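Below is one structure, written out as structure tokens, with a few remarks after it.
Proteins come first, then strands; the chains are lettered A, B, ... in the order of their sequence lines, and each starts at number 1. Predicted, not measured: the structure shown is a model, and the values here were computed from it.
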Amino acid sequence: MLDSKLLRTEPEVVAANLARRGFKLDVAHLQALEEQRKKWQIKVDELRNERNVNAKSVGKAKAQGIDIAPLLKQVEDLGQQLAAAEAEFNAVQAQMDQLAMGLPNMLQDSVPEGADETHNVEVRRWGTPREFPYAPLDHVALGEGLMMLDFTNAAKISGARFVVLHKHLARLQRALTQFMLDLHTSEHGYQELYVPYLVNAASLTGTGQLPKFSEDLFSLKGEQDFFLIPTAEVPVTNMARDEIIEATALPLRYVAHTPCFRSEAGSAGRDTRGMIRQHQFEKVEIVQLVRPQDSAAAHEELTAHAEAILQKLELPYRVMALCAGDIGFGSSKTYDLEVWLPGQQKYREISSCSNFETFQARRMQARWRNPETGKPEPLHTLNGSGVAVGRALVAVLENYQQPDGSIEIPAVLKPYMGGLERIQKA
RNA sequence: GGAGAGGUGGCAGAGCGGUUGAAUGCACCGGUCUUGAAAACCGGCAGACUCUCACGAGUCUCGUGGGUUCAAAUCCCACCCUCUCCGCCA
């Protein structure tokens, strides 16, 4: 949610910024609505004031034993007037709210211009893709060759876009998860959390998935209003919802491993092969809650924390600054990490690191007490994948493949694999 | 699943339907005192919104949503959540 004051006082500035995303803000409509809202709010306030003043005088009169019948007669139709005015006000306010909740975040100046992903800018590159004297296999061929990557049973059990991992591959995924959590907690200063995987609508509204992107979510058909989390960002960031955090407690750094559930509505036909795009996948997420003045630096730092995972796994990657047209709804600036996949001969997204500034904080009333003003003010939230575990598994398979179809275990994972050196067909 | 208790400000905790947006304590901020600190004392201290250049004024919020009433933290209904006991269970 944007700062409502800014939206009201400088709608053109907001509109110009959002236009960079290709989002058209109808300033005239906004101002017309605002005018109506103000008009009715004043009317409602006046009527309520009249009612309150009257009720008080009734109380006084009664206390003094004066006949209150004439006073009551005076305000006979006040209730109706008030109800009518409130109905008008509520209708306009609802429209305003809907509009406000549908506005994406404003972009930082440093975000590159561009309409789509082809305009994303490469910021840096790490590692050198390995040279293969033969055509490297993709993770599907490798995993199925090992008899450890099983889409057949997954399809039977659930359907498309699910996977069953067997034996060493299942363990490799667990090893990756453990490694990531350990690195973030022991070297990057994050506090590990275990969180619910089912969340309520308020939490999803807080982080920005609702109301606009409900079709991307799985919701439960029970009596309770639950959704499956699309990312740990939702439960973790919402820890701060409706909280006022003391300045001395910031920054807060959280890391959590969760499965993530996405309906992938609208992505039919994309990445149908393999486990790049699944309905259910594992992810380690890092989240920071910081003072506004610290968020830009925290964003760089958080991105570096995600990069450290890939570096220690010795997986070549590049860092992309997403352009205005490709950046997510709630983000003010995003870096994507793209890992090299020899099977595709492409860099593919494995982490997305975003600074939401006050966008999520306003939606969820997550505040810090600014010592300079003494007032609660919205804090800044950031998050990044640190990193997507399923895709990391894919990257390890493809980058560490051997000519005989076996997979060498990355050095940092060996302790988590019980000393296993390589994965080969049993 | 059964029975009961309860949700009030940053925290704890009062609150006969009518000067209660809310006593009191703690925490916090400012001041007096002190070489400094502590203690003591004095003062301030919820949030959001609207009008106003400003001073200031008004509205809303006591879990959420409805209802009763001239008037609701207080009465009624529904829902959500927390706690205790019993049962069941990974």
task = Find which nucleotide of RNA chain B each of A:Ile244 and A:Asn49 is nearest to by heavy atoms, and output the residue with the more 5' nucleotide.
result = A:Ile244

ask   = Do any pairs count as a ring-ring contact (aromatic ring centres under 6.0 Å, His included) and have a residue in residues 239-267 of chain A, sequence neighbours left out, and if so which ones?
value = none

ask   = Mind checking which nucleotides bracket the chain A contacts on RNA chain B, 5' to 3', with an atom under 4.0 Å from a heavy atom?
value = B:G18 to B:C81

ask   = Looking only at atom C1', what distance separates B:A40 and B:U34, rounded to whole Å?
value = 12 Å

query = Any donor-acceptor pair under 3.5 Å linking the side chain of A:Gln360 with the backbone of A:Thr207?
reply = yes

ask   = How far, in whole Å, is B:C45 from B:C28 if one measures between their C1' atoms?
value = 8 Å

inquiry  = Under 4.0 Å between a side-chain nitrogen and a carboxylate oxygen: does that hold for A:Glu377 and A:Lys375?
reply    = no

inquiry  = Measuring only the C1' atom in each nucleotide, how far is B:A72 from B:G56? A whole number of Å is fine.
reply    = 29 Å

ask   = Mind checking who B:G30 pairs with, Watson-Crick or G-U wobble, both distances under 3.5 Å?
value = B:C42

task = With heavy atoms under 4.0 Å as the rule, sort A:Arg37 into base, sugar-phosphate or nothing.
result = sugar-phosphate

Inter-nucleotide C1' distance (B:G15, B:C53), Å rounded = 41 Å

Result block: side-chain N/O donor-acceptor pairs under 3.5 angstrom for residues 139-154 of chain A, not counting sequence neighbours:
| unit_1 | atom_1 | unit_2 | atom_2 | d |
| --- | --- | --- | --- | --- |
| A:His139 | ND1 | A:Glu398 | OE2 | 3.2 |
| A:His139 | NE2 | A:Met275 | N | 2.9 |
| A:Asp150 | OD1 | A:Thr152 | N | 3.1 |
| A:Asp150 | OD1 | A:Asn153 | N | 2.9 |
| A:Asp150 | OD2 | A:Asn153 | ND2 | 2.7 |
| A:Asp150 | OD2 | A:His166 | NE2 | 2.9 |
| A:Asn153 | OD1 | A:Lys156 | NZ | 2.9 |

ask   = Expressed as a whole number of Å, how far does the P atom of B:C33 sit from that of B:A12?
value = 37 Å

ask   = A:Tyr317 pairs by side chain to side chain donor-acceptor pair (under 3.5 Å) with which of A:Glu338, A:Glu307, A:Arg348?
value = A:Glu307

key: Base partner of B:A90, which must satisfy Watson-Crick or wobble distances under 3.5 Å   = none

ask   = On a whole-Å scale, what distance lies between the C1' atoms belonging to B:G17 and B:U24?
value = 24 Å

message = Regarding A:Asp182 and A:Gln178, do their side chains bring together a donor and an acceptor under 3.5 Å, going by distance alone?
response = no

Atom C1', compared across B:C11 and B:A46: separation rounded to whole Å = 13 Å

ask   = If you count the non-hydrogen atoms of other residues, nucleotides and ligands that lie under 6.0 Å from NZ in A:Lys43, is the total more than 12?
value = no

Base paired to B:C16 (Watson-Crick or G-U; both N/O distances under 3.5 angstrom) = none

ask   = So what does A:Lys56 touch, heavy atoms closer than 4.0 Å: a base, only the sugar-phosphate, or nothing?
value = nothing

key: Any strand: nucleotide that pairs with B:C55 via Watson-Crick or wobble, under 3.5 Å   = none

query = Can you tell me the Watson-Crick or wobble partner of B:A5, both distances under 3.5 angstrom?
reply = B:U82

Assigned partner base of B:C75, Watson-Crick or wobble definition, under 3.5 Å = B:G67

task = Could you give the distance separating B:G87 and B:C75 at their P atoms, to the nearest angstrom?
result = 34 Å

query = Does A:Arg253 come within less than 4.0 Å of A:Glu301, counting only side-chain N to carboxylate O?
reply = yes

ask   = With both distances under 3.5 Å as the test, what is the Watson-Crick or G-U wobble partner of B:A23?
value = none

key: Comparing A:Glu46 and A:Arg8 on RNA chain B - which has the more 5′ nearest nucleotide   = A:Arg8

